[in-house]
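Structure, as structure tokens:
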Number of protein chains: 2
Amino acid sequence: MLTERQRGILEFIQSEQREKGITPSTREIQHHFGFASQTSVMQYIDALERKGFLDRHARKARALITPVQKVRITDIPIYGQIPAGMATLTEQTIEGHISLDTRSVNASKNGRTFALRVHGDSMIDAHILDGDIVILEDRKDVQNGDIVAALIDGETTLKRYVTEHGRPYLKAENPLYPNLVPARELRIQGVLVSLVRKQIAAPRRKRG
Amino acid sequence: MLTERQRGILEFIQSEQREKGITPSTREIQHHFGFASQTSVMQYIDALERKGFLDRHARKARALITPVQKVRITDIPIYGQIPAGMATLTEQTIEGHISLDTRSVNASKNGRTFALRVHGDSMIDAHILDGDIVILEDRKDVQNGDIVAALIDGETTLKRYVTEHGRPYLKAENPLYPNLVPARELRIQGVLVSLVRKQIAAPRRKRG
DNA sequence: TGAGTGCAAGTTCAAATGAACACAATGGTA
DNA sequence: TACCATTGTGTTCATTTGAACTTGCACTCA
């Protein structure tokens, strides 16, 4: 699809974006490859754009969008708790951020994506551990069997959403924890789309 | 630390970088905030740089480096198999890439980081599932209890590294699988540092 | 043989862009 | 009071930078 030279140009642009954080100008590319004319670079950029390996913001400096940028990193805020609904998700309650490329997350474009740090082992049978970071999406279409973050007694907890005989309830994936049948409304805050676990260096026990 | 306006400017720069992939020019920032003069923006950028919230490439267009870029995303290659040792980890065997910020991974600076897609349920009791992506590091200091990728019978498998009476062996975290005591040498390819799970939308079964 | 494509050089332009300097108002602090 | 940081305007300058047009060579394909 690409010629040797074209691939070289694209890789140089990408490596500069990754290492320096900025896109090289056409002259900078020119000098790196030792071209006598800047026009050569323009032609390569034309070819790369035509073949779909590059997007360009016309007449803007250093404005080449390569797959490095395209696989947009979503900078997801990590919350400790979501006490009073999504409205209170302010900057203050953010514990940190996590970055993932969009392919790694099952996230759709619509919903807002956020993350929670898991407390406790109530979802251990779903293989979600204490300390895991779960990526959730503020979505409307919750389905039977989805793992969700819900507001119960003023606290956000992670549970499996199950409907039985048309009535929804929340199921813990640990026999030690009871199921939760909502008395009134059920406030779903997000649906699990992805999970990130930072492995601890020296595990104390093999199983819980 | 930052004034309201300064934070607003920084957030605008970051949101443009995230959404459009390119850093706004000083004039673009000016027009977004309705300033009559471009100098105002220059002053804010000065302040942000002085306070350490921004890095600047002098005299280069659209060359502001914000924390969005700083938390360098490590573009980790995902391999399906590592048959014949690290030497054969060529571009061809790469299944894809995954991006994580360096904080999310336990990765040290020394070792090379790579990823494997997990096949099978031999590590189910360590809560590692079929289809999970495990992030590993090519490290020398393997410790008792670490989960490692090792080469066994020409195939890469994920197992727990256990030493007993001074002799190392590989333990599957599933009673259905046998332990593996190496006859000769043990080829450790990487130590588990992190894990990413892409949640499937509609789970068919709750447990294996 | 002619058309098309990739590659490279030379030249010139206009716009985009970072930067500098002068001036001024405000609010807090030493 | 004097000093300083913050905020804002107005103006000007020198580069930087993308872009356009031309010419030339080599190679492939019809």
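Numbered from 1 within each chain, the chains take letters A, B, ... in sequence-line order.
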- [ ] List the steps, then state whether side-chain contact (heavy atoms from CB on, under 4.5 Å) holds for Thr157(B) with Leu170(B).
- [x] CA-CA 10 Å; Thr157(B) 43; Leu170(B) 297 178; 5.6 Å; no
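- Here Arg27(B) does not reach the OP1 or OP2 of dA15(C): none of its side-chain N or O atoms lies under 4.0 Å away.
- Candidate nucleotides dT17(C), dA19(D), dT17(D) were compared by shortest atom distance to the side chain of Ser25(B), and dT17(C) ranks first.
- Lys51(A) places a side-chain N or O within donor-acceptor distance of the main-chain N or O of Met1(A), the cut-off being under 3.5 Å.
- The phosphate of dT6(D) (OP1 or OP2) has a side-chain N or O of Lys51(B) nearer than 4.0 angstrom.
- In this structure, of dA8(C), dT17(D), dT7(D), it is dA8(C) that holds the atom nearest to the side chain of Tyr44(A).
- A sub-4.0 Å separation between OP1 or OP2 of dT17(D) and a side-chain N or O of Arg62(A) is present.
- A sub-4.0 Å separation between OP1 or OP2 of dT6(D) and a side-chain N or O of Arg5(B) is absent.
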Tabulate atom names and distances for all N/O pairs under 3.5 angstrom spanning the protein and nucleotides 20-27 of chain D.
residue: dA20(D); atom: N6; partner: Thr39(A); partner atom: OG1; Å: 3.2

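- Here the side chain of His31(B) pairs a donor or acceptor atom with the backbone of Arg27(B) at under 3.5 angstrom.
- In this structure, Thr26(A) does not reach the dA19(D) phosphate: none of its side-chain N or O atoms is under 4.0 Å from OP1 or OP2.
- When the nearest nucleotides of DNA chain D are assigned to Lys60(B) and Gln6(B) by heavy-atom distance, the more 5′-ward of the two goes with Gln6(B).
- The closest donor-acceptor contact from the side chain of Asn174(A) to the backbone of Ile124(A) lies at 3.5 Å or more, if one exists at all.
- Side-chain atoms of Arg160(A) do not come within 3.5 Å of backbone N or O of Ala126(A) as any donor-acceptor pair.
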Open item on the list: Please evaluate residues Asp132(B) and Val196(B) with respect to the criterion side-chain contact (heavy atoms from CB on, under 4.5 Å), reporting the C-alpha separation (whole Å), side-chain torsions for both, the decisive distance (0.1 Å), and the verdict.
Closed with: CA-CA 6 Å; Asp132(B) 284 359; Val196(B) 175; over 6 Å; no
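- A salt bridge links Asp46(B) with Arg56(B); the closest basic N to acidic carboxylate O contact falls under 4.0 Å.
- Nearest nucleotide to the side chain of Ala58(A), out of dA19(D), dA8(C), dT17(D): dA19(D).
- A salt bridge does not link Lys20(B) to Glu28(B): none of the charged side-chain nitrogens sits closer than 4.0 Å to a carboxylate oxygen.
- Proximity note for Arg50(B) (side chain, C-beta onward) versus dT17(D), dT6(D), dA19(C): the nearest is dT6(D).
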Considering only nitrogen or oxygen atoms on both sides, find all protein atoms under 3.5 Å from nucleotides 25-30 of chain C and state each distance.
none

